[in-house]
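A quick write-up on the structure given underneath.
Chain naming here is simple, since letters A, B, ... match the order of the sequence lines and numbering starts at 1 in each. As the structure is a prediction and not an experimental result, all values here were calculated from the model.
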Amino acid sequence: MLILTALGALGGLTVVLALLLIIAYKKLQVKEDPRIDIVEEMLPHANCGACGYPGCRPFAEALVREEALPGKCTVSSDEGRQQIAAFLGVDVGASEKQVARLACGGGINVARNRARYQGLQSCEAASLVSGGGKECFWGCLGLGDCVDACDFDAIKLNAFHLPVINEDKCTACGDCVVACPKDLLSLHPVSHRLWINCKNLEAGDEILEECKVACTACGRCAMDAPDQMIVMKENLPVIDYRNYQDTTKPMERCPTGAIVYLHPQKGKITGPKARPVIRTSARTDAPT
Amino acid sequence: MGLFNTLPTFQRGIHPGDFKDLTRHLPIERMPFSAELTIPLSQHLGAPSKPRVKVGDTVQRGQLIAEPGGFVSIGQHAPVTGTVTAIEPRPHPTGRMVESIIIATDPFSPQTFYNEHPMDWEALSPRELISLIQHGGFVGLGGAAFPTHVKLSVPEGKHARFLIVNGVECEPYLTSDHRVMLEEYDDLFYGIRILQKILDVRQVYIGVENNKEDAIEVLRNHVPDDMACEVIALETKYPQGAEKMLIEAVLHREVPSGKLPIDVEVVVNNSGTITGIGHMFRFGQPLIERVVTVTGPGIKRPANVRVPIGTPLTELLNFCGGITDDTRQILFGGPMMGAPQARLDVPILKGTSGILCLTENEINVREEYPCIRCLRCVDVCPVGLNPSRLGALAKSRDYEHMLDFHVMDCVECGSCSYICPSNIPLVQRFRVAKGLLREQQARNKAS
């Protein structure tokens with residue numbers, strides 16, 4: 001008998017509470033656009049923040065509210081963006097695929113060290129200690145803060161401690177741009193193939209002592225470039241990408257190979273006059 | 001002194017060996033002028049100074065060559081009579097290229113001062129005195145190089161009741177403040193009078209650690225009768241020279257998180273700075289030279305040297321007999337907070353309190369082990385943070401979470417790294433985190 005009372009009481013309680021829950025579910029339901037879930041499902045779930053929103057869900061909400069266009073998501077593939085645009089019936093707002101580019105060619109085979117850095121193995125920490133050990137003030141420290149910052153496994157350090165960016169994997173989220181204490185990384189459309197691979201603000205052949213591939217500010221690229229596409233600013237050539245032409249002419253007379261053509265398959269190509277770098281191991285005075 | 005009679009000090013902190021015997025007893029020597037001096041326009045915290053001279057100009061020793069570039073900025077002066085040969089970026093101890101004025105010394109000049117007249121400070125108002133100190137180029141000579149006049153400009157609605165003179169010099173090896181207090185106490189007391197007038201303060205405390213007994217005695221014997229000044233002997237402990245720690249030691253007041261000493265009615269200034277200010281008002285000579293302790297096992301002849309600002313590091317090392325062959329590291333500042341240098345052609349700055357040359361034996365780079373949660377870092381952290389927790393967060397790059405654990409209150413004294421038995425580079429990680437967080441805050445503000 002006792003057990004029946006207990007069962008009855010608990011059973012009754014269950015029914016009452018279940019009813020309460022059902023009523024609460026009906027009454028307090030928040031109507032959410034069902035498209036948000038679908039759009040979120042179509043997004044890459046990287047939560048990288050490259051679109052300017054805190055993550056994929058807030059971006060999906062913004063898309064549905066039509067505050068943003070699918071083109072802002074740099075991580076999705078072209079088809080993915082078109083799919084979302086078609087689903088929502090909006091423009092893709094397509095922007096060209098961007099990738100991160102490194103403006104330094106000073107690996108340990110060509111660049112010299114002025115001191116040996118032994119501290120915390122991070123570029124940010126090294127740059128706090130007298131700017132790191134590299135002779136060139138502007139050069140890549142090669143300790144891989146950008147590699148750690150990349151969520152997409154798109155950056156690897158090569159044998160000469162220089163980060164190499166995989167253009168296919170790079171989503172232009174900008175994390176590496178923020179991570180680099182020397183501000184060597186920046187985002188560029190993939191079609192920008194001609195590239196100044198140096199940030200050294202000094203001029204003259206003496207700086208080749210520091211780094212074999214540094215820009216000596218000779219200005220030949222600026223002279224050879226069509227339509228004044230390249231101008232010299234603070235001892236560095238600056239390419240005006242607004243009237244960019246896909247040509248290798250400016251780098252033909254470059255004596256050091258500081259201006260390069262980033263070939264999609266063959267990688268970095270230097271001009272024919274550039275002194276070849278044949279060293280395959282580190283310089284004895286290279287950064288460690 | 002009885003058995004239980006202890007000296008005042010702050011809570012926590014560490015006791016590193018002081019190694020001051022190398023230079024403690026050596027009187028200050030004067031260094032000859034080198035052929036070329038480099039005066040960076042940015043050798044202080046704040047906006048860079050604006051040059052007032054052109055290439056080719058002749059300048060006289062003590063002449064103003066750069067004006068303050070804003071409120072948190074100072075004037076710069078020619079440390080030597082000569083010609084301006086260039087105004088261009090030059091290597092700087094921070095590892096950047098910094099716009100600098102290069103002066104070639106005139107070897108035939110008698111090196112007289114541009115202005116040799118004492119200033120009649122009693123007739124001037126506090127505001128005028130502060131402006132004179134700013135144009136005199138004064139920064140905190142203890143190492144941080146924060147412009148002195150900013151500290152002396154008490155904001156509206158606040159009032160200072162105490163002036164604390166920081167003669168602690170808690171960094172091991174360094175003895176420059178010690179020698180200055182011993183040899184130039186009259187300038188120090190003169191400077192204190194000026195600061196008393198600016199701040200409208202009566203009570204002055206001079207905090208000196210008890211490893212400088214001779215300085216304590218000399219100062220006590222020479223306190224002017226009409227000055228309410230007390231020389232306080234403090235227990236030797238690191239980092240007592242940090243402003244907030246010194247206030248705690250002397251007055252038992254704690255500066256709240258994110259506040260300044262003026263919020264607890266105190267202004268702290270380095271003894272060397274005040275001596276310099278006193279010297280300027282007595283003899284009209286702005287901050288164009290400072291006392292630098294050149295020391296460490298790597299230097300052949302350790303010394304306390306009065307160096308013109310802008311002297312190349314190599315010249316100073318040569319003046320002290322050069323470095324030994326086994327020198328591995330040269331630091332600007334002391335071993336705890338000093339900055340290792342990557343090149344020898346950098347100039348001596350206003351904030352350079354010492355040059356420390358270390359050999360392989362002292363550097364001792366050790367392998368990092370996992371945290372064993374002994375919490376010795378918590379026991380020593382002078383500001384009461386939890387470096388162990390912060391270190392774990394920093395290692396996983398969770399910098400924003402570190403804000404919740406008050407990483408911005410870290411004074412970067414390095415006590416945690418010093419004490420850690422697992423050799424975890426704690427303070428190094430905090431410096432990185434603080435730098436990144438500050439950048440982020442600036443970005444947020446801009447956007």
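Only the side chain of Glu202(A) comes within contact range of chain B, with heavy atoms under 4.5 Å apart. Contact of Leu344(B) with chain A is not made at all, since no heavy-atom distance falls under 4.5 Å. Looking at Pro89(B), neither its backbone nor its side chain comes within 4.5 Å of chain A, counting heavy atoms on both sides.
Around CG of Asn444(B), the count of heavy atoms belonging to other residues, nucleotides or ligands within 6.0 Å exceeds 12. No more than 12 heavy atoms of other residues, nucleotides or ligands sit less than 6.0 Å from atom CD of Glu234(A). Within 6.0 Å of NZ on Lys233(A) lie no more than 12 heavy atoms contributed by other residues, nucleotides or ligands.
Note: Arg397(B) leads Gln428(B), Arg397(B), Glu439(B) in heavy-atom pairs under 4.5 Å with chain A. When each of His92(B), Gln440(B), Arg96(B) is scored by its heavy-atom pairs under 4.5 Å with chain A, the top score falls to Arg96(B).
The nearest pair of heavy atoms linking Phe137(A) to Gly95(B) is CD2-O, 2.8 Å. Closest of all the heavy-atom pairs between Pro93(B) and Ser130(A) is O-OG, 3.7 Å.
Contacts of Glu367(B) classified as salt bridge (charged side-chain N to carboxylate O under 4.0 Å, His left out), with partners at least two apart in sequence or in another chain: none.
Between atom CG of residue Leu426(B) and atom CG of residue Leu120(A) there is a gap of 10.0 Å, rounded to the nearest 0.5 Å. The NZ atom of Lys434(B) sits 11.0 Å away from the CG atom of Leu128(A) when rounded to the nearest 0.5 Å. Here the CZ-CD distance, from Arg431(B) to Glu124(A), works out to 10.5 Å after rounding to the nearest 0.5 Å.
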